[in-house]
Amino acid sequence: MMFPLLALEIPEPVKIYGQFGHPIMMWALFFTSVYAMWLGFQSRQIRSAEPEKRKELIQKDVKGKHFILGSLLLSLMVLGTIGGMAVTYINNGKLFVGPHLLVGLAMVALIATAAALVPWMQKGNETARLTHITLNVTLIGLFGWQAFTGVEIVQRIISKLGS
């Protein structure tokens, strides 16, 4: 049986410019992650804040915004990681197994695990909450490192295009 989609040739401009989709998306997700973390810390303050501050944070719906952004980040990080791997494979016929790929895969595991803790957090489990925070702070640190190693990769791609 023939699979016609497997024989589909990707146009050269799509192959070339498609390489920049992953880094652009990941930089946007990095900054969005920092904002989501800030919202998470704001949400955490609701429990211990003085009544006036608590009322302000509840009115701003920081908890709801944090939850929605976290869900969006989980989805887009998984899709962005798979997309980056797909583009690399399409353009090179292989994946480059190195720190950038391995840390990226670890980040997907971290964000998925952090998201999986939410049902326990909603039931008031403080261990789940602290683990969620620890995983996500680690994720932000790794994301920052990934951003800079990604810039090095983009520079190599650009130098190859100029050759």
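The chain is numbered in sequence order, starting from 1.
Considering Asn136, Thr134, Leu135 in turn, Asn136 is the only one that fulfils the side chain to side chain contact (heavy atoms under 4.5 Å, CB included) rule with His132.
The side-chain heavy atoms of Val137 and Phe41, taken from C-beta on, include a pair separated by under 4.5 Å. Within the 4.5 Å cutoff, no side-chain heavy atoms of Asn125 are placed close to those of Arg129. Between Arg44 and Ile133 the shortest side-chain heavy-atom distance falls below 4.5 Å. Considering only heavy atoms from C-beta on, Phe67 comes within 4.5 Å of Val118 through its side chain. With contacts defined as side-chain heavy-atom distances shorter than 4.5 Å, the pair Glu9/Lys15 qualifies. Looking at Met77 and Leu139, their side chains come closer than 4.5 Å, going by heavy atoms from C-beta outward. Two residues are said to be in side-chain contact when any heavy atoms from C-beta on lie closer than 4.5 Å; Leu101 and Phe96 fail this criterion.
For Ala115 against Pro119, the heavy-atom pair with the smallest separation is O-CD, 4.1 Å. Contact between Trp145 and Val103 at its shortest, heavy atoms only, is CZ3-CG2, 3.6 Å. Considering every non-hydrogen atom in both Ser33 and Ile140, the closest pair reads CB-CD1, 3.4 Å.
Under the 4.5 Å side-chain contact rule for hydrophobic residues, Leu57 and Ile68 do not share a cluster. Linking ILVMFWY side-chain heavy atoms closer than 4.5 Å, directly or via other members, places Ile16 and Ile24 in a single hydrophobic cluster. At a threshold of 4.5 Å between side-chain heavy atoms, the hydrophobic network of Ile, Leu, Val, Met, Phe, Trp and Tyr places Met85 and Leu79 in two separate groups. When hydrophobic clusters are built by joining Ile, Leu, Val, Met, Phe, Trp and Tyr residues whose side-chain heavy atoms come closer than 4.5 Å, directly or via intermediates, Val87 is not grouped with Ile158. Under the 4.5 Å side-chain contact rule for hydrophobic residues, Leu72 and Val78 share a cluster.
In this structure, Thr131 OG1 and Glu126 CD are separated by 9.5 Å, a value rounded to the nearest 0.5 Å. Interatomic distance, Leu69 CG to Leu74 CG, rounded to the nearest 0.5 Å: 12.5 Å. Here the OG1-NE2 distance, from Thr149 to His100, works out to 4.5 Å after rounding to the nearest 0.5 Å. The structure places CD1 of Ile46 at 10.0 Å from NZ of Lys53, a figure rounded to the nearest 0.5 Å. Between the CD1 atom of Ile153 and the CD atom of Gln146 there is a distance of 7.5 Å, given to the nearest 0.5 Å. Distance OG1/Thr32 to CE/Met26: 11.0 Å, rounded to 0.5 Å.
A donor-acceptor pair under 3.5 Å is formed between the side chain of Ser159 and the backbone N or O of Arg156.
Aromatic ring orientation, Tyr17 versus Phe20: tilted (interplanar angle from 30° to 60°).
Using a cutoff of 4.0 Å between basic side-chain nitrogens and carboxylate oxygens, Lys60 and Glu56 are scored as salt-bridged.
Ser43 and His66 form no side-chain donor-acceptor contact under 3.5 Å, judged by distance and modelled atom types alone.
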Before you tell me yes or no, could you show the steps for Thr88 and Lys94 under side chain to side chain contact (heavy atoms under 4.5 Å, CB included), namely the whole-Å CA-CA distance, both residues' side-chain angles and the distance that decides it to 0.1 Å? CA-CA 7 Å; Thr88 299; Lys94 65 180 179 175; over 6 Å; no
Please report the C-alpha distance between Val151 and Trp27 in whole Å, then the side-chain angles of each, then the deciding distance to 0.1 Å, and finally whether the side chain to side chain contact (heavy atoms under 4.5 Å, CB included) criterion is met. CA-CA 10 Å; Val151 167; Trp27 271 95; 3.8 Å; yes
